[in-house]
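Each remark here refers to the structure printed beneath this line.
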Amino acid sequence: MATKHVKPHYVPKEQRKKKRAPLSRQAKTRIAVGAGVLVVAIAALIFALNYVGPNWIMTNLPKKVTNSQGNEVEVDRIHKLGEVGKIEGFTRDMSQATKINKRESSFWMVPDDKESPVVSYFITGVSQNPAEMAETAHKSIQTLSEGTELGDIQTGEIGGLPAVYFLATATSPESGKVTRQITSYFAAKHNAAILVSAIVDVSDAHPMPADDEMIAHAQKAVQSVRFAK
C-alpha cells in the first residue's frame, strides 16, 4: 500500500510565530537586579514590622474585632508609645526588664552611685489614659498594700508636661524599712499613657523627701522620654 503524504497546512508568513531572540546579558542583569531589589524591599518591610528598638516603650493595646464566625474577640495590638533616653547617673537593669509577647517592654533604671537617694526609676507604657490609670492604681494600692500611707491623686505639670500623679510612703512590716514613691502618668498616643515612677529609700543619710523633691525626681526621668507622635 502506497504511503499517503499529507501536505503541510500553509501559514502565511505574517501569521507565523517569531522565535524570540535570546536575552542579552544586559537584560538578564537588569531582571536579576530588579528581582533582587524586590526581595530586599520585602525583607526590609518584614524587618520593619517586627523590629523593636532597645529603648522603645512598647505596650499592648488590645482591640475588639469581629472574627469570621461573627463573634467579637479581642486581639493584641502592640504600639510604640515613645523612647527612653539616657537618665544621667542611671543604667537600665536588664535583669528586671520585662517583655511580653516578645514586644512589650519596661525600663528599670538603677543608680550608678550607691549613695543616690533614688534607688530606682520605672518607666513603661499602660493601656489606659492618665486619669483612668491613676485611679486604677490608687485603688489597687489602697486595697493590697498594707502599711502604705497613700496621698491623694493630683494633677499638674512635671517636666513641662501635664501629669496625673500620687505619692506614697511605705513601711515594711518585717524590716521597718521606709520608702517614698511617686507614681506619675503622662498622656501618650492611642489614648494610652506612659508611667514614670521614682522610689527613694528613707534613711539617716536621706531623710524623708518632701513632695517637691519627689516631683523633681520624676521630672528628671520624664525628661529622658521622647513621646511618639
Side-chain angles (χ1 to χ4, degrees), residues 44-65 72-111 118-141 144 151 153-168 181-200 214-229:
L45 177 61
I46 294 171
F47 177 77
L49 291 173
N50 289 279
Y51 176 74
V52 175
N55 64 334
W56 290 7
I57 303 171
M58 306 291 291
T59 196
N60 183 29
L61 306 175
K63 182 179 180 179
K64 290 184 178 180
V65 299
E72 192 176 68
V73 295
E74 196 172 76
V75 296
D76 288 348
R77 288 289 186 271
I78 307 294
H79 293 277
K80 176 186 177 183
L81 300 184
E83 299 178 20
V84 179
K86 174 68 177 174
I87 302 177
E88 186 177 353
F90 286 78
T91 302
R92 187 181 184 187
D93 182 357
M94 295 304 297
S95 68
Q96 297 292 333
T98 58
K99 285 189 177 293
I100 304 169
N101 297 331
K102 298 182 180 180
R103 297 191 70 181
E104 285 193 298
S105 55
S106 62
F107 298 80
W108 284 96
M109 302 293 194
V110 294
V118 177
V119 294
S120 68
Y121 283 115
F122 180 63
I123 302 173
T124 194
V126 293
S127 60
Q128 294 177 290
N129 65 48
E132 291 174 344
M133 196 65 235
E135 186 71 26
T136 299
H138 198 265
K139 286 181 179 179
S140 178
I141 293 173
L144 303 174
I153 296 175
Q154 303 178 60
T155 58
E157 281 196 357
I158 298 178
L161 297 171
V164 183
Y165 65 95
F166 57 87
L167 293 104
Q181 178 172 345
I182 182 169
T183 303
S184 53
Y185 299 93
F186 301 85
K189 63 189 299 187
H190 304 295
N191 197 33
I194 291 177
L195 160 65
V196 175
S197 175
I199 299 176
V200 171
M214 295 302 297
I215 290 172
H217 291 318
Q219 175 176 309
K220 180 177 181 178
V222 76
Q223 286 178 335
S224 76
V225 176
R226 185 168 65 184
F227 289 74
K229 295 180 180 180

Under 4.5 Å between any side-chain heavy atoms of I123 and I87, yes or no? yes
Between atom CG of N129 and atom NE2 of H190, what is the distance when rounded to the nearest 0.5 Å? 14.5 Å
Please round to the nearest 0.5 Å and tell me the distance separating atom CE of M214 and atom CG of L167. 6.0 Å
Aromatic centroids of Y121 and F90 separated by under 6.0 Å: yes
The reported gap from NZ in K80 to OG1 in T59 (rounded to nearest 0.5 angstrom) is 14.5 Å
Can you confirm whether more than 12 heavy atoms, excluding those of K139, are under 6.0 Å from its NZ atom? no
What's the separation between atom CD in Q223 and atom CD in E88, rounded to the nearest 0.5 Å? 11.5 Å
Counting distance only, does the side-chain N/O of D93 pair as donor-acceptor with the main-chain N or O of V110 below 3.5 Å? no
Test item: S184 side-chain N/O and V196 main-chain N/O as donor-acceptor pair under 3.5 Å: yes
Going from CD on E132 to OH on Y185, what distance comes out if it is rounded to the nearest 0.5 angstrom? 12.0 Å
H138 side chain to G151 backbone, donor-acceptor under 3.5 Å: yes
Test V222 against F227 for side-chain contact (heavy atoms from CB on, under 4.5 Å), laying out the working first. CA-CA 10 Å; V222 76; F227 289 74; 4.3 Å; yes
Say whether, by atom type as modelled, one donor and one acceptor occur between the side chain of S140 and the main chain of T136 under 3.5 angstrom. no
Steps toward side-chain contact (heavy atoms from CB on, under 4.5 Å) verdict (I194, I57): CA-CA 8 Å; I194 291 177; I57 303 171; 3.8 Å; yes
Under 3.5 Å: donor-acceptor pair, side chain of K229, backbone of K189: no
Rounded to the nearest 0.5 angstrom, the CZ-CD distance for F122 and Q181 is 10.0 Å
Closest heavy-atom contact between F166 and A137? CZ-CB, 4.1 Å
Which atom pair, heavy atoms only, marks the closest approach of M133 to Q128? SD-OE1, 3.3 Å
Looking only at heavy atoms, the pair that brings T183 and S197 closest together is OG1-OG, 4.2 Å
Restricting to non-hydrogen atoms, name the atom on P130 and the atom on V164 that form the minimum distance, rounded to 0.1 Å. CB-CG2, 3.8 Å
Can you name the nearest heavy-atom pair linking T124 to S105, along with the distance? OG1-O, 3.2 Å
So E83 and V225, side-chain contact (heavy atoms from CB on, under 4.5 Å) or not? Walk me through it. CA-CA 6 Å; E83 299 178 20; V225 176; over 6 Å; no
Are I182 and I215 packed together at the side-chain level, in the sense that at least one heavy-atom pair is separated by less than 4.5 angstrom? yes
What's the shortest heavy-atom distance between W108 and S120, and which atoms? CZ3-OG, 4.0 Å
Please lay out, stage by stage, how I158 and F186 fare under the test side-chain contact (heavy atoms from CB on, under 4.5 Å). CA-CA 9 Å; I158 298 178; F186 301 85; 3.9 Å; yes
